[in-house]
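Following: one structure in structure tokens, then a few remarks.
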2 protein chains.
Amino acid sequence: MTIYDVAKRAGVSIATVSKVINNTGNMRESTKQRVKKAMEELNYHPNVMASALMGKGTKTLGLLVPDISNPFFSEIAKVIEDRAHEKGYNVIICSTDENAEKEKKNVELLQSKLVDGFIVGSTYSDKSIVQNLTEAGVPVVMLTQDDPAIDVSQVFVDDFKGGYEATIHHLQNGHHRIAIISEQMALSSVKRTEGYLQALKTYGIRPSEEYLVKTRGTIANGIKAFDRLFRLPEPPTAIFACNDQLAIGVMLGAQEKGIKIPDQLSLVGFDDTILARATYPRLTTVAQPIAEMGKTVVDLLIDEIRLGHSKKERILYNPRLIIRETTDRAKVENI
Amino acid sequence: MTIYDVAKRAGVSIATVSKVINNTGNMRESTKQRVKKAMEELNYHPNVMASALMGKGTKTLGLLVPDISNPFFSEIAKVIEDRAHEKGYNVIICSTDENAEKEKKNVELLQSKLVDGFIVGSTYSDKSIVQNLTEAGVPVVMLTQDDPAIDVSQVFVDDFKGGYEATIHHLQNGHHRIAIISEQMALSSVKRTEGYLQALKTYGIRPSEEYLVKTRGTIANGIKAFDRLFRLPEPPTAIFACNDQLAIGVMLGAQEKGIKIPDQLSLVGFDDTILARATYPRLTTVAQPIAEMGKTVVDLLIDEIRLGHSKKERILYNPRLIIRETTDRAKVENI
DNA sequence: TTGTACGCGTTATCAG
DNA sequence: CTGATAACGCGTACAA
């Protein structure tokens, strides 16, 4: 099933077949039809790898995410795929976890010829991956990460603001003992933590080291974080979880301990994944505009691929606090 | 950063470099060290594509799923990745949607040189994709699909039994008007429907065409299906949704209409994704052993890659009905 | 140790 | 208008 087979069947040379495929050069209509017929009969499809070898694009985008089982990433992956398909591109997803170097080097090197560009949504502390890629001239757009030090297009929400508003919401409800559970590996989480700190400051509250727990952003870790927080002599009355999974973990942990949300504990999440609407009570959370972000990041990347150079746009979206049922005016007794 | 660069820097030929990389042939220890040093200095990594071109494996697995935003698939994708990593393999995920032919042909052809094997979890009606792959000698294992007509290893749950037990559960609770919402594209859904029908039969209940809705397995479609079912002159008192997403959709739809679950409507899902534990009330659902299935499918595929041929095992897992809070002994008035 | 033909399936360039 | 053939990129493998 190569052009040789087609050529043989059509009784022409491979050059002619190639021309038919690429619609280049002129030839007798009858020849063209003969070739086309042969292609159909043999169910021939051009080998993408060989084209890639010749420097042609593969019409494929690479998407790097830290954890595909996190609904935020699987939802945005879906949006990205849909948009890419609309524009005639395929996407392959690599869930890089946080195995740092090795995995990712592998992944990206492996891809660098196979995909026309990358959407990097992973949460590296190590930025060399992106840097290597751009130096090698591979189009890259970063998603979810705001790092001014890296010279590529970026699409992200204002994490600081999101963290700030989540915390202010708790404060306005009368809470003072507000804990934060953040993702240790994520740049976005440090921004969200800064927002949290800033909000505390405007209310004149000294942050407590004990109320700041860093972990990986899974449900299991959310449960653990909750347990740790509630073994404190003075447990928090409100928690800001830096993603919805963590928040679900808190809810599950609280449920087990018989602690009522929002009566005894207020909770805000981040992302507004399907999880936030499926829980009971429904989760108050900071929404990221997943649909727009996914669409934008694809458009940006494809532009860059076509243009041949990066526009280095940094597109900042506004997070939006969605108040549902896990937060309520507090009935705080002490102070 | 090719072997040529390394060779130049080390002052040897590329042949020597190649030998060092592959640990073949003999050479002076000092030469070997010189080459190794050069490789490190240049941060050289063998180009996987070139090796692939030469017929070497890429230590990469391809995973095809119909919809990555479905937690069942994103959760199993995660398990598959973890297991693959343990064994030194990477995995790239393609969410093929149901765009049938075009997309998938593209995807798989694109991969056929790039990955050492495939895990196919998609829900084709068109089995030619898998067939082509196996004919081309590419290792393939099917996940989630039981199709005796296809001659490859398969890992799946007993969908018939799952559907049967879900329905029996409803029947035992006194329900007679039981609807089913199935995924139109999924082979597994037809099995589950058969189980549903069989259960009805053992209770001597004639299935009603109106209670059988087929749709795509998303939350949005779950809501729609619910709406349709509840506009019926005689709405069902129980629903079996063929996946958790559909079930969530039903819950959301019911909530909107003010219909109480389980008081006014009993609900069983399928998959036991995180969704089932996060909702309120928590979802009664038929669990698939996601962790084992993911692990098994990877082991099977890697075996096949190493062996060079398929063992054509068909591994059947038992589904397990997990009774939570969306089903309750019915308070059915009529009949 | 080294030189170098070879492999993959195209595309592209010239002759004919 | 069509065909022969040289790239393309990067290793592998075998003869020298």
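Residue numbers start from 1 in every chain, and the chains themselves are labelled A, B, ... in the order their sequence lines are given, proteins ahead of strands.
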- Side chain of B:S189, backbone of B:L187: donor and acceptor closer than 3.5 Å? no

- Query: Between atom NZ in A:K19 and atom P in C:dG9, what is the gap in whole Å?
  - Reply: 22 Å

- Query: Which nucleotide in the set D:dA4, D:dC1, C:dT2 lies at the smallest distance from any side-chain heavy atom of B:V12?
  - Reply: C:dT2

- Task: Give, for atom CG of A:L300 and atom CE of A:M293, the distance between the pair rounded to the nearest 0.5 Å.
- Result: 12.0 Å

- Message: Quick check against the 3.5 Å criterion: does A:T16 have a side-chain atom that pairs as donor or acceptor with the backbone of A:V12?
- Response: no

- Message: What is the separation between atom CG on A:N26 and atom P on D:dT2, rounded to the nearest whole Å?
- Response: 10 Å

- Query: Where the side chain of A:A15 is defined as all heavy atoms beyond and including C-beta, which of C:dT2, D:dA4, D:dT2 is the nearest nucleotide?
  - Reply: D:dA4

- Task: May I ask you to evaluate whether B:T16 reaches the phosphate of C:dT2, defined as a side-chain N or O under 4.0 Å from OP1 or OP2?
- Result: yes

- Item | A:T31 side-chain N/O to D:dT2 phosphate OP1/OP2 under 4.0 Å | yes

- Query: NZ of A:K32 versus P of D:dC1: gap in Å, rounded?
  - Reply: 10 Å

- Query: With nearest nucleotides of DNA chain D determined for A:I14 and A:E29 from heavy-atom distances, which residue corresponds to the more 5′ nucleotide?
  - Reply: A:E29

- Message: Distance alone, cut at 3.5 Å: any donor-acceptor contact between the side chains of A:S69 and A:D67?
- Response: yes

- Side-chain N or O of A:T2 closer than 4.0 Å to phosphate OP1/OP2 of C:dG9: no

- Separation of B:I21 atom CD1 from C:dT1 atom C1', in whole Å? 16 Å

- Considering heavy-atom distances to DNA chain D, does A:S13 or B:I3 have its closest nucleotide positioned more toward the 5' end? A:S13

- Query: Counting only side-chain N and O atoms of A:S18, is one of them less than 4.0 Å from OP1 or OP2 of C:dT11?
  - Reply: yes

- B:E81 and A:S95: side-chain donor and acceptor closer than 3.5 Å? yes

- Task: Side chain of B:Y4 only, please: which of C:dT10, C:dT11, D:dG11 is the nearest?
- Result: D:dG11

- Message: Below the 4.0 Å mark, does C:dA12 have OP1 or OP2 next to a side-chain nitrogen or oxygen of A:T24?
- Response: no

- Provide, to the nearest angstrom, the distance between the NZ atom belonging to A:K8 and the P atom belonging to D:dT2. 20 Å

- Query: Counting side-chain heavy atoms from C-beta on, which of D:dG3, C:dT10, C:dT1 comes nearest to A:Y44?
  - Reply: C:dT10

